[in-house]
Amino acid sequence: QVQLVESGGGLVQAGGSLRLSCVVSGRTFSSYAMDWFRQAPGKEREFVAAISWSDGNTVYSDSVKGRFTISRDNAKNTVYLEMNSLKPEDTAVYYCAADYVPRHARMATYEAGMDYWGKGTLVTVSS
């Protein structure tokens, strides 16, 4: 059974930092990309960042570029999202997701392209 389990959310003041983790299990993810999405109250879920499990290539949304860093630890089957210079508008439930990426294809950055999802972890940034 495939599982993606997020952790690391919490309450932080604006300008602060948090690191989210996503532990994956249940299958081999070497041909997958790992993504982070977020959903703020009353808004649709949006793409945040993605990383290729095999070669480490990354993609970021414009809203987090330069502030957030996605990384992975293959040995620990864990993907991280380091979030710095947090803003109140970063408040959301953050979801880990995985999408299968065929050879020579691009990583998906849209919700419908994901194959697996975690249940999310809440990040609240106070002003």
Ionic contact status for Lys87 with Asp90, cut-off 4.0 Å:
no
Could you state whether Val2 and Ile51 fall into the same hydrophobic cluster, counting links through intermediate Ile, Leu, Val, Met, Phe, Trp or Tyr residues with side-chain heavy atoms under 4.5 angstrom apart?
yes
Going by atom types only, do Ser52 and Ser54 share a side-chain donor-acceptor pair under 3.5 Å?
yes
Stepwise side-chain contact (heavy atoms from CB on, under 4.5 Å) test for Met83 and Leu20
CA-CA 8 Å; Met83 305 185 295; Leu20 306 183; 3.8 Å; yes
Cluster question for you: counting only ILVMFWY and a side-chain heavy-atom cut-off of under 4.5 Å, with indirect links fine, are Val24 and Tyr32 together?
yes
Sequence-distant partners of Val23, side-chain contact (heavy atoms from CB on, under 4.5 Å), two or more places apart
Thr78
Locate the shortest heavy-atom distance separating Gly8 from Thr121; write the atom from each residue and the value.
N-OG1, 4.2 Å
Find the distance between CE (Met107) and CG (Asn57) and round it off to the nearest 0.5 Å.
5.5 Å
When you measure from the side chain of Gln1 to the backbone N and O of Gly26, does any donor-acceptor pair fall under 3.5 Å?
no
Hydrophobic cluster identity match, Ile70 and Val101, side-chain contacts under 4.5 Å
no
Do Leu4 and Met34 have side chains that get closer than 4.5 Å, going by heavy atoms?
yes
Distance check, rounded to the nearest 0.5 Å: Arg72 atom CZ versus Thr58 atom OG1?
10.0 Å
Taken in chain and number order and not counting sequence neighbours, the residues that satisfy side chain to side chain donor-acceptor pair (under 3.5 Å) with Glu89 are none
Once you measure the plane-to-plane angle for Phe29 and Trp53, does it fall in the parallel (<30°), tilted (30-60°) or perpendicular (>60°) bin?
tilted
Common cluster, Val64/Val93, ILVMFWY with side-chain heavy-atom separation under 4.5 Å
no
Please report the C-alpha distance between Thr28 and Ser30 in whole Å, then the side-chain angles of each, then the deciding distance to 0.1 Å, and finally whether the side chain to side chain donor-acceptor pair (under 3.5 Å) criterion is met.
CA-CA 6 Å; Thr28 301; Ser30 57; 5.8 Å; no
SG-NZ distance between Cys96 and Lys119, expressed to the nearest 0.5 angstrom:
14.0 Å
Flag, side chain of Arg67 to backbone of Ser85, donor-acceptor distance under 3.5 Å
yes
Do you know which two heavy atoms are closest between Asp99 and Asp115, and how far apart they sit?
CA-OD2, 3.3 Å
Group every Ile, Leu, Val, Met, Phe, Trp and Tyr by side-chain heavy-atom contacts under 4.5 Å, then state whether Tyr100 and Val79 land in the same group.
yes
Closest non-hydrogen contact found for Ser17 with Asn84 is OG-OD1, 2.8 Å
Should the ring pair Trp117 and Tyr95 be called parallel, tilted or perpendicular, given that the plane angle runs from 0 to 90° and is split at 30 and 60?
perpendicular
Is it true that Arg38 and Glu46 make a salt bridge, defined as a side-chain N closer than 4.0 Å to a carboxylate O?
yes
Is Leu86 close to Phe68 at the side-chain level, that is, under 4.5 Å between some pair of heavy atoms?
yes
On a heavy-atom basis, which atom in Ser127 and which in Ala14 lie closest, and how many Å separate them?
CA-CB, 4.3 Å
Trp36 versus Ser21, closest heavy-atom pair with distance
CH2-O, 3.7 Å
Determine whether a donor-acceptor pair (N or O, by modelled atom type, separation under 3.5 Å) exists between the side chain of Glu82 and the backbone of Thr69.
no
How long is the span from the CG atom in Leu11 to the CD atom in Gln13, to the nearest 0.5 Å?
8.0 Å
Quick check for you: to the nearest 0.5 Å, what is the distance between Glu6 atom CD and Cys22 atom SG?
5.5 Å
Phe37 and Phe47 aromatic ring geometry - parallel, tilted or perpendicular at 30°/60° bounds
perpendicular
When rounded to the nearest 0.5 angstrom, what distance separates CG in Leu81 from CG in Leu18?
9.5 Å
